Every structure is written in structure tokens, then in C-alpha cells.
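Following: one structure in C-alpha cells, then a few remarks.
Residue numbers run from 1 in the order of the sequence given. Bear in mind that the values here come from a model prediction, so they are computed numbers and not experimental data.
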Amino acid sequence: MALRSNFRKYTSLLPHFASCPMRTTFPAGLHSHATSFGFKDVPEEEKSRMVGDVFSSVASKYDIMNDIMSVGLHRLWKDRLVSKLSPFPGMQHLDVAGGTGDVAFRVLEAIHTLERQKISGAAVDEDAENETQVFICDINPAMLEVGRRHAIAKGLGEARSLIWMEGDAEALKFEDASMDGYTIAFGIRNVTHIEKALSEAYRVLRRGGRFLCLELSHVNIPGFHELYDFYSFSVIPSIGEIVAGDRASYQYLVESIRKFPSQEKFAAMIKEAGFEKVEYENLAGGVVAIHSGFKL
């Protein structure tokens, strides 16, 4: 009940941060496409490095900042994401930008819950249980290290079903049609080419596989929108400065959210990547949204 009360009280809070802005200039004579880095334009070839550098520096404060900024609500949002996935024993699942393991642990726990139950009066197939694999793919090794430590703390350090690997959402190291599910939470707005990440998600999914994305989004509720903007631009950077000693990263956070496509535009991008039955669900008045699509 307390958590629900907090949800009502703090719906203007948001849980996730990305990377700090850096002043970058285009070298004379170099032809380069630009991409957004917060409210700034930077060369495409620079964005990935800049994001990586920042995540390496903030990895140790990542979890506590999520909890403070969202008053724990990011946990509810991730629970909702995994409930939509409907994990099953024997599943091959890929969680991208999931270095801390938050989503992967939930997927594995949902599968273990089914394994402890009986379906139609019979125990779950042991072969399916042994074949379950949840891949955690993140471009940043420091974030993966945080996730591995979490796994050990949860008693999952030796879990064969959890596979940790460094990788780029725009160039996944997986075979075509090899995954039953794909999730990405608070990560897709940090990639340089969203279209490439969506194309890769489509490529690695099997027919019938589901794509699910949890991301900070856009609030359009009068009154709440103004409160949300005040919290975003005035409070979040200050929290980052006090707790993590890094105001710039959290200034980039709020800027990157404003530059991310609206719910409708992002849904259209998912459709363009080939997904069908595309839909989205707003949570906390649009502070975050869960987008879904199937490869059919």
C-alpha cells in the first residue's frame, strides 16, 4: 500500500540517466553526419564513445540514483515489462542494455516460478528447464560488472541460464531468428541509430517472438506536464550533483528524453522495422512508456 501511495505522489519522478554532455566540434574538412546528444549535435562517430565514457564513470552510483529519482518506481515499471513478456521454461531471451541485470533477473525468476509449478498436472519438462538461456548484452563492461556482482549477491553467480556479454545494440552477435524475446529498458534512446537497433532486434527474433521496450517518454497532461518539466530540469540535475557528484550526466538525462521520439513516432519506427501488432502503454502519465511488437 505504501508503494502505491508513493506511485500516486511521485509520478513526476523518473528513474534512469544516460550520459553527460561534452563540447565536441567537427574537425575542419571532415564530412560527418550529426546526431543529438541531449540538446547538442555531435558527430555520429563520437556519440557511442561519449555515452560509454559516462556510463563507466557512473556505474557504481547507478542503482542508488535510480531508486532516489524514482522512489523505487522503476522496479514496478520493470515488473510490468516482464509481465508483458510472459517468460517460459526453455526460453531464449535477450536483454539489451541490461548490464545491471534488473530485467534479466526478473525474467529468470518468472521462469523459475513456472518451473516450480505444475502445468496441467505435470511437472515442467526438465529438458526445457535446462535449455533456458537469458542473455544480458551491454556495450559497457563497467555496467556488466555491476550486474555480475548483483547476480552473486542474489545467489545467481553460477547460474548457467544467465549469460553476460559485451555487445552493441546496433550490431548484435547473435544468429538470425535465435531469440524468443527481446527487451531493452532505458537504453534505446542512447544508441546512435535507433533504426539499426530496431532492425537488429527484428533480425534476431524468431517468428512469434516479442519485442518490448521500456523507455522514458513524453508527458502531455496539462498541469502535470509543467510539474514534470520543473522536476526534470531543476531537481534531477541537483540530485545528481549531490549524490553522484555529477550534475552534467543528469542534465543530459532530461535533455535526451526531450529529444527522444514521441510515443506515436516511436511506435511508427517499430512498425517500419517490420514488427506487427505494435502498441504502447503509458505509465505514470507518460513519464515512461512500454512499446511492444511481434515478429510474425
Legend entry - Proximity of F275 and Y202 rings by center, below 6.0 Å: yes
Inset, instruction - Answer yes or no: is there a side-chain heavy-atom contact under 4.5 Å between S217 and V288? - result: no
Legend entry - Sole residue of Y182, F294, Y280 in ring-ring contact (aromatic ring centres under 6.0 Å, His included) with F211: Y182
Inset, instruction - Step by step, work out the salt bridge (charged side-chain N to carboxylate O under 4.0 Å, His left out) result for E279 and K271. - result: CA-CA 10 Å; E279 60 184 17; K271 290 178 183 177; over 6 Å; no
Legend entry - Closest non-hydrogen atom pair, A97 against D138: C-OD2, 3.3 Å
Inset, instruction - May I ask you to check whether over 12 heavy atoms, not counting those of I64, lie within 6.0 Å of atom CD1? - result: no
Legend entry - Heavy-atom check, side chain of K84 versus side chain of E281, under 4.5 Å: yes
Legend entry - H150 side chain to K154 side chain, donor-acceptor N/O pair below 3.5 angstrom: no
Legend entry - From E200 atom CD to H193 atom NE2, the distance as rounded to the nearest 0.5 Å: 13.0 Å
Inset, instruction - For the residue pair K277 and L296, establish whether any side-chain heavy-atom pair is separated by less than 4.5 Å. - result: yes
Inset, instruction - Just do the side chain to side chain contact (heavy atoms under 4.5 Å, CB included) check on H93 and Q133 with the steps written out, would you? - result: CA-CA 6 Å; H93 182 72; Q133 289 185 306; over 6 Å; no
Inset, instruction - Say whether, by atom type as modelled, one donor and one acceptor occur between the side chain of H218 and the main chain of F260 under 3.5 angstrom. - result: yes
Inset, instruction - Over all heavy atoms of both residues, which pair between K78 and V103 is shortest? Give the atoms and the distance, please. - result: CG-CG2, 4.4 Å
Inset, instruction - Indicate yes or no: at least one non-hydrogen side-chain atom of R116 is less than 4.5 angstrom from one of H112. - result: yes
Inset, instruction - May I ask you to decide if G223's main-chain N or O and E226's side chain share a donor-acceptor pair within less than 3.5 Å? - result: yes
Inset, instruction - For the pair E131 (side chain) and Q92 (backbone), establish whether a donor and an acceptor sit closer than 3.5 Å, ignoring hydrogens and angles. - result: no
Inset, instruction - Compute whether any side-chain donor of one residue and acceptor of the other, for R160 and T132, lie under 3.5 angstrom apart. - result: no
Legend entry - Where A289 and Q263 come nearest, the two heavy atoms and their spacing: CB-CG, 4.0 Å
Inset, instruction - Among L162, D95, V96, L94, find the residue that satisfies the side chain to side chain contact (heavy atoms under 4.5 Å, CB included) test when tested with F135. - result: L94
Inset, instruction - Write down the atom of V287, the atom of V219, and the distance for their closest heavy-atom approach. - result: N-CG2, 3.6 Å
Inset, instruction - Kindly compute the distance separating OG1 (T113) from CD (Q117), expressed to the nearest 0.5 Å. - result: 6.5 Å
Legend entry - S292 and R210 side chains, donor-acceptor separation under 3.5 Å: yes
Legend entry - Student check: side-chain heavy atoms of R203 and E175 closer than 4.5 Å: no
Inset, instruction - To the nearest 0.5 angstrom, please state how far the CD atom of E215 sits from the CD1 atom of I194. - result: 8.5 Å
Legend entry - Donor-acceptor pair, side chain of E195 and main chain of A273, under 3.5 angstrom: no
Legend entry - Minimum heavy-atom distance between S256 and R189, given as atom pair plus value: OG-NE, 2.9 Å
Inset, instruction - Go through the side-chain N and O atoms of D229 and S232 and say whether any donor and acceptor fall under 3.5 Å apart. - result: no
Inset, instruction - Answer yes or no: is there a side-chain heavy-atom contact under 4.5 Å between S238 and R247? - result: yes
Inset, instruction - Output, in order, the C-alpha distance, side-chain angles, deciding distance and verdict of side chain to side chain contact (heavy atoms under 4.5 Å, CB included) for M269 and L198. - result: CA-CA 8 Å; M269 294 174 71; L198 292 173; 3.9 Å; yes
Inset, instruction - Keeping the roles fixed (side chain from H291, backbone from C213), state whether a donor-acceptor pair exists under 3.5 Å. - result: no
Legend entry - pair L156-I152: side-chain heavy atoms closer than 4.5 Å: no
Inset, instruction - Following the transitive rule for hydrophobic clusters with a side-chain heavy-atom cut-off under 4.5 Å over Ile, Leu, Val, Met, Phe, Trp and Tyr, establish whether W77 and L253 coincide in one cluster. - result: yes
Legend entry - Same apolar cluster (I L V M F W Y, side chains within < 4.5 Å links), V146/M165: no
Inset, instruction - Can you measure from CZ (F186) to OG1 (T100) and round to the nearest 0.5 angstrom? - result: 10.5 Å
Legend entry - N282 (side chain) donor-acceptor with G285 (main chain) under 3.5 angstrom: no
Legend entry - Considering all heavy atoms, the nearest G98-I136 contact: O-CG2, 2.9 Å
Inset, instruction - Mind checking the CG-CG spacing from L73 to D67? Nearest 0.5 Å is all I need. - result: 10.0 Å
Inset, instruction - Go through the steps for L85 and M91 under the test side chain to side chain contact (heavy atoms under 4.5 Å, CB included), then give the verdict. - result: CA-CA 11 Å; L85 180 66; M91 186 179 198; 3.8 Å; yes
Inset, instruction - Please confirm whether the backbone N or O of K196 pairs with a side-chain atom of S199, one donor and one acceptor, at under 3.5 Å? - result: no
Legend entry - pair M65-Y250: side-chain heavy atoms closer than 4.5 Å: yes
Inset, instruction - Carefully, step by step, assess F233 and R258 under the rule side chain to side chain contact (heavy atoms under 4.5 Å, CB included). - result: CA-CA 11 Å; F233 289 98; R258 300 313 188 273; 3.6 Å; yes
Inset, instruction - Measure the spacing between NE2 of H74 and CG of L216 and express it to the nearest 0.5 Å. - result: 11.5 Å
